[in-house]
Amino acid sequence: MVRAEIARETPTGDTLIPRMELPHWRERYGIVAGVTTRGTGADPWDLGLIGDLPVGRVIGQWTAFRGAEPGFPLATLGRQVHGTEVMWHEGGRGWLIVDGVDGHATAAPGVLLCVTVADCTPVYLLDQGTGAMALLHAGWRGASSRILERGIRLLRGRAGTQVENVVMHCGVSICGDCYEVGPEVFAAFGLPVPAGGKGPLDVRASLLRQAAELGIGSISTSPLCTGHHRDWFHSHRRSGGADGRMIAYLGRPLATP
Ligand SMILES: [Zn+2]
């Protein structure tokens, strides 16, 4: 077992949009690291760019989401493909949507890195030495294809990150008990296939093992599960594909004058 601190996301009390975040990341590092939730209204909060929701509603929710964090002139999002590409961002203004990208990274304040999730793990990485950071979307495909290593390599190449300075958090995602998978998934991770072929898989545990192998300095994981907490979160698996998407986000806001 990898030693990882348990760090629970807590509701922010934001009246504009429903969300949870890691309060100690804001206090210790000046970083916002969180995830939106379903909300309690008749229309759940759904910030995904897939599905058949009216465009006006999606844009309206995104506008409200961005308004809730005014220190970020740029927000980045990928049309995710369960791949391992992580994109570096220098800065800018507006809402950047990139095809085929499952992770984002930056060293610049004012860039809000975003990924969509609904069972997959958002992986938050912060280099305490340089202030560079990355946010990754890791389902079983991305995790077993080692998107975490890809993200660390990008931080090293672009920001000179030393891995022992990296703080990592595995955010809200589906737990092993809620996630039964077939033999091809165990094979992808190099794990033994259970008798009968199917069994529970804890993707966060695999990510934590990879983090320890990579030498990441400080590792924490959320105890919250999208499947167990359907009242808070969207769960693709538990809803049979009917649920929407949440946004996980990470960034250092511009200093307010
Ligand atoms: Zn669960």
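The basis for the numbers below is simple: all heavy atoms, side chains too, and nothing from hydrogens, waters or symmetry mates. Position 1 is the first residue of the sequence, and the numbers go up from there. Indexing begins at 1, ligand by ligand and atom by atom, following the structure's order.
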Measure the acute angle between the ring planes of W25 and Y124, then classify it against the limits of 30° and 60° as parallel, tilted or perpendicular. perpendicular

Determine which pairs satisfy side chain to side chain donor-acceptor pair (under 3.5 Å) with at least one residue from residues 194-210, sequence neighbours left out, and list them in order.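 Passing the test, one end in residues 194-210: S173-R204, S206-R209.
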
Just grab all the side chain to side chain donor-acceptor pair (under 3.5 Å) pairs involving residues 184-196, residues at least two apart or on different chains.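 For residues 184-196: none.
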
Between D243 and R38, does any NZ, NE, NH1 or NH2 come within less than 4.0 Å of an OD or OE carboxylate oxygen? yes

Would you call R237-D119 a salt bridge at under 4.0 Å N-O? no

Partner set under ring-ring contact (aromatic ring centres under 6.0 Å, His included) for H24, not counting sequence neighbours: none

For the Zn ion (ligand 1), how many protein N, O or S atoms come closer than 2.8 Å?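 My tally for this metal is 4.
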
